[in-house]
Amino acid sequence: MEFRSLSPALHRASTIVYPDVKSFMARHEAFYDGYSYALYGHPASRELEARIAELEGGARAVAVPSGLAAIALVQLTFLRPGDQVLLPDTIYGPARQMSRQLLAGLDVETGFYDPVDPESVRRVASPSLRLIWAESPGSFTMEVQDIPRIVAIARDIGALVAVDNTWASPLHHKPLSMGADISVQAISKHVAGHGDLILGAAVARAESEFRMLKDRARNLGYGVSPDDCWLALRGLETLEIRLDRQLRSAMRIAEALSRHPAVEEVLFPPLPGDRFHDLWRRDFTGGAGVFSVVLAPAARPCMASAVERLKLFAIGASWGGTRSLVAPADPTNLRDVNPWRRGVVLRFSIGLEDPEALLRDIEQAFEALPGSQSRNHEAQDPEETASSSVDFQERNHKR
Ligand SMILES: *Cc1c(COP(=O)(O)O)cnc(C)c1O
């Protein structure tokens, strides 16, 4: 009897071997689809690519060493000297840096547009515009972008659209079905889901764009580890239940924090009342446990002491894992179009711990903040949050 198990095969390899000279000499034909050299694909990477592409609703995916590598791959595939690329003002910080350092040196012009005003694309577009980037919601400040409108403008101008779809994961937001050409994932975040690997993917809506991406990945020597792909495949098995639990917990915590006297605003599109809630409901089928908190002005100088009082949240970048994290960040120097004047934001990534314990932890930590003593807010009724999140799920099951 052949060996069978429920988990995918894991083959570590550099060399792939052939039964005869003819098949060895023809190995390059397997570059896009099969196995020619482990740098270009092995069973775990092909399986991961197939599943991510299917979830995103794209033709094909290319797995690459990181989310940032996926961003670089898309830009280096589609941009030529003299082209213009437009980035949302809220783009992931290292990608903003990439445009200034890498693309500027290649004579690609970068422009920034207002992520919440798609028409601003037309104002900054030059005749050489080639690629419009989007990231929704935006890093740290959580602005949801109107992807269908951006796609319509791009079609008008004749530009490609690429979307960083990391926050919602390939499960809960489908930019390719809204007409975007490329969707990018930092698999390191929700898909991997355990804070223990770095991997990315670029998914193309059409086979032709996939082939361009795959060719460029070869030029760059991008390969991915079978072990990391295998772990990401395992992550996919629990993606939906993790995201669901993290969203429910984050709703409970964000709702309570939005009424905390030391908090000016919670930035979290799934929260009713958030500036981007309606757009999020229209275009997303679910969420994640990642949100940001803007502290009240009086509380801002004491941010560090409050964060350091947290016991259940580790201080760290990244998000989407099983353990809760907090990352303070100051967007002030990361904005070209819309100045940010509200100081440091605290980005929380809610893990799989007990949400009531997490909320109590934040509340005890925020007691260090001036203003938190004026506790005039009512305790949240847990029934209310539970039922609104159930409504949300019922709505999505009907879709
Ligand atoms: C983390 C992140 C990336 C980069 O992913 P890495 O795998 O860490 O390189 C890209 N985009 C967004 C929105 C991210 O949060």
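Counting starts at 1 for both ligands and their atoms, following the listed order.
Here's the thing with Lys189: one of its N/O atoms is less than 3.5 angstrom from an N/O atom of ligand 1. Residue contacts with ligand 1: Leu68 is placed with a nitrogen or oxygen under 3.5 Å of a nitrogen or oxygen of the ligand (distance criterion only). Not one N or O of Glu135 is nearer than 3.5 Å to an N or O of ligand 1, by distance alone.
In this structure, Trp319 is part of the shell of residues with a heavy atom less than 4.0 angstrom from ligand 1.
In summary, Asp114 and Arg123 do not engage in a salt bridge, as defined by a charged side-chain N under 4.0 Å from a carboxylate O.
Across the listed options Gly200, Ala192, Ser188, Ser318, Ser188 owns the non-hydrogen atom lying nearest to atom 7 (O) of ligand 1. With Gly67, Ser136, Gly93, Ala72 as candidates, the residue nearest to atom 6 (P) of ligand 1 on a non-hydrogen basis is Gly67.
Taking the centre of each ring, Phe284 and His173 come in below the 6.0 Å mark.
Of the protein's non-hydrogen atoms, Asp164 OD2, 3.4 Å is the one closest to atom 12 (C) of ligand 1. For atom 5 (O) of ligand 1, the closest non-hydrogen atom of the protein is Ala186 CB, 3.2 Å.
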Exercise for the section: Run the numbers on Glu237 and Arg51 for salt bridge (Lys or Arg N to Asp or Glu O under 4.0 Å), then give the verdict. Expected result: CA-CA 11 Å; Glu237 299 280 321; Arg51 292 204 200 173; 3.4 Å; yes
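Relative to the ring axis of Tyr32, Arg211 places its NZ or CZ within 45° and under 6.0 Å from the centre. Judged by a 6.0 Å distance limit and a 45° cone about the ring axis, Arg218 is not positioned over the six-membered ring of Tyr37.
The 12-atom threshold is exceeded at CD of Glu119, counting heavy atoms of other residues, nucleotides or ligands nearer than 6.0 Å.
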